[in-house]
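Everything on this sheet refers to the single structure shown next.
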Amino acid sequence: MAKSARNAGGGGTPPSAPEDLDPAQEALFREVEEDLRAEQMRKLWQRFGGYVIGAAVLVVVVVAGFQGWTAWQASVRADEAQRFYAAVEGTDTDAAAARAALGALASDGRTGYATLAALRNATALARDGDTVAAIAAYDALSGDGGRAAPVRDLAAMLAALYAMDEEPAGSVRGRLTPLTADDSPWRFMALEMLARLDMREGDMATAVQIFADLSQNRNAPTGVRARTSEMLAMIGHGPGPGATGGASEPDAGG
């Protein structure tokens, strides 16, 4: 037994009971073995118990924090959705108050409703005839690096569209040229608008060439191909071969 106790004190595994013990000896041996195991567990707990408790607390904190963050996100999203739809519904009854509400949501919102509010606010300004303010609102969106790239591109395209009748041709060209990049989703529409600028400035040869190229480009949206074919016919050059001259279909890019 003394040997067993020394093994236990050294961190070894308690010995198993010999097979030739009588019942009384076996019971005594088991009692000693249980005491040794309890002593080993006590020493292990003294050594590692703090780490176990710390890990358990960390797990609880992480889980509670994640659940709290998720609940907060859902609450914020629901609140901003309510603010957005309330402002939209109030547009017809009190346009000024609705625009103020949309502007506030656009500036302090934390979810996608902030972007929707900014776009809706700019659209409301344009609809009410304040084109200069609408262009400024779209410019603010297109220049906001915190917005998604498709949103910035859309805002830049809308700003250029409204600028067609408000700014000099050179300024509008400066807006449209970056949108004609090969990877731009608004490339074809931007090219169409540049051709219209060429017509406005009397450069019919360049305008006709762009219209012809767009009308035959199968990668261009249906709406762009139809409009450019109609423009060619209207200015006496007829639709290019393979152009679509029918009614345009709804198309996000044209």
Side-chain angles (χ1 to χ4, degrees), residues 80 83-203 206-207 210-211 214 220-221 223-224 227-228 231 248 250-254:
E80 293 188 2
R83 290 172 61 188
F84 175 77
Y85 289 112
V88 170
E89 290 175 359
T91 301
D92 295 330
T93 56
D94 191 344
R99 284 201 301 269
L102 288 171
L105 177 57
S107 64
D108 64 27
R110 297 182 178 91
T111 69
Y113 286 102
T115 298
L116 288 177
L119 287 169
R120 186 65 181 247
N121 189 43
T123 301
L125 289 169
R127 186 191 63 185
D128 293 345
D130 196 349
T131 308
V132 174
I135 293 171
Y138 284 127
D139 282 342
L141 262 175
S142 66
D144 187 349
R147 309 286 183 181
V151 172
R152 298 199 304 271
D153 290 342
L154 171 61
M157 186 72 240
L158 291 170
L161 180 64
Y162 285 111
M164 288 281 286
D165 297 323
E166 295 290 338
E167 298 179 0
S171 175
V172 179
R173 285 185 186 279
R175 292 177 175 278
L176 290 171
T177 300
L179 296 171
T180 62
D182 290 341
D183 59 347
S184 170
W186 302 101
R187 175 173 180 262
F188 299 107
M189 190 173 180
L191 288 169
E192 178 189 0
M193 292 171 65
L194 284 172
R196 291 177 183 271
L197 278 180
D198 291 327
M199 284 183 59
R200 184 183 298 179
E201 296 180 312
D203 188 355
T206 301
I210 295 175
F211 285 143
L214 289 174
V224 171
R227 287 195 302 270
T228 52
M231 286 298 299
S248 62
D251 198 304

To the nearest 0.5 Å, what is the distance between [atom1] on [X] and [atom2] on [Y]?
X    : Y    : atom1 : atom2 : value
E192 : M231 : CD    : CE    : 8.5 Å
E89  : D94  : CD    : CG    : 14.0 Å
L191 : R187 : CG    : CZ    : 5.5 Å
L154 : W186 : CG    : CH2   : 5.0 Å
Y138 : T131 : OH    : OG1   : 10.5 Å
L102 : R120 : CG    : CZ    : 7.5 Å

Work out which heavy atom in [X] is nearest to a heavy atom in [Y]; give both atom names and the distance.
X    : Y    : answer
A134 : A122 : CB-O, 3.5 Å
R200 : M164 : NH1-O, 2.7 Å
L141 : A155 : CB-CB, 3.7 Å
A104 : S107 : O-OG, 2.9 Å
A220 : L214 : CB-O, 4.0 Å
A117 : A106 : CB-N, 4.0 Å

Whether the side chain of [X] engages the backbone of [Y] through a donor-acceptor N/O pair (distance < 3.5 Å, no angle test) should be reported.
X    : Y    : value
T177 : R173 : yes
R152 : R147 : yes
S184 : T180 : no
D128 : D130 : no
S142 : D139 : yes

Side chains of [X] and [Y] in contact at under 4.5 Å (non-hydrogen atoms):
X    : Y    : answer
V172 : E166 : no
L179 : M189 : no
M157 : R175 : no
L176 : L197 : yes
F211 : R227 : no

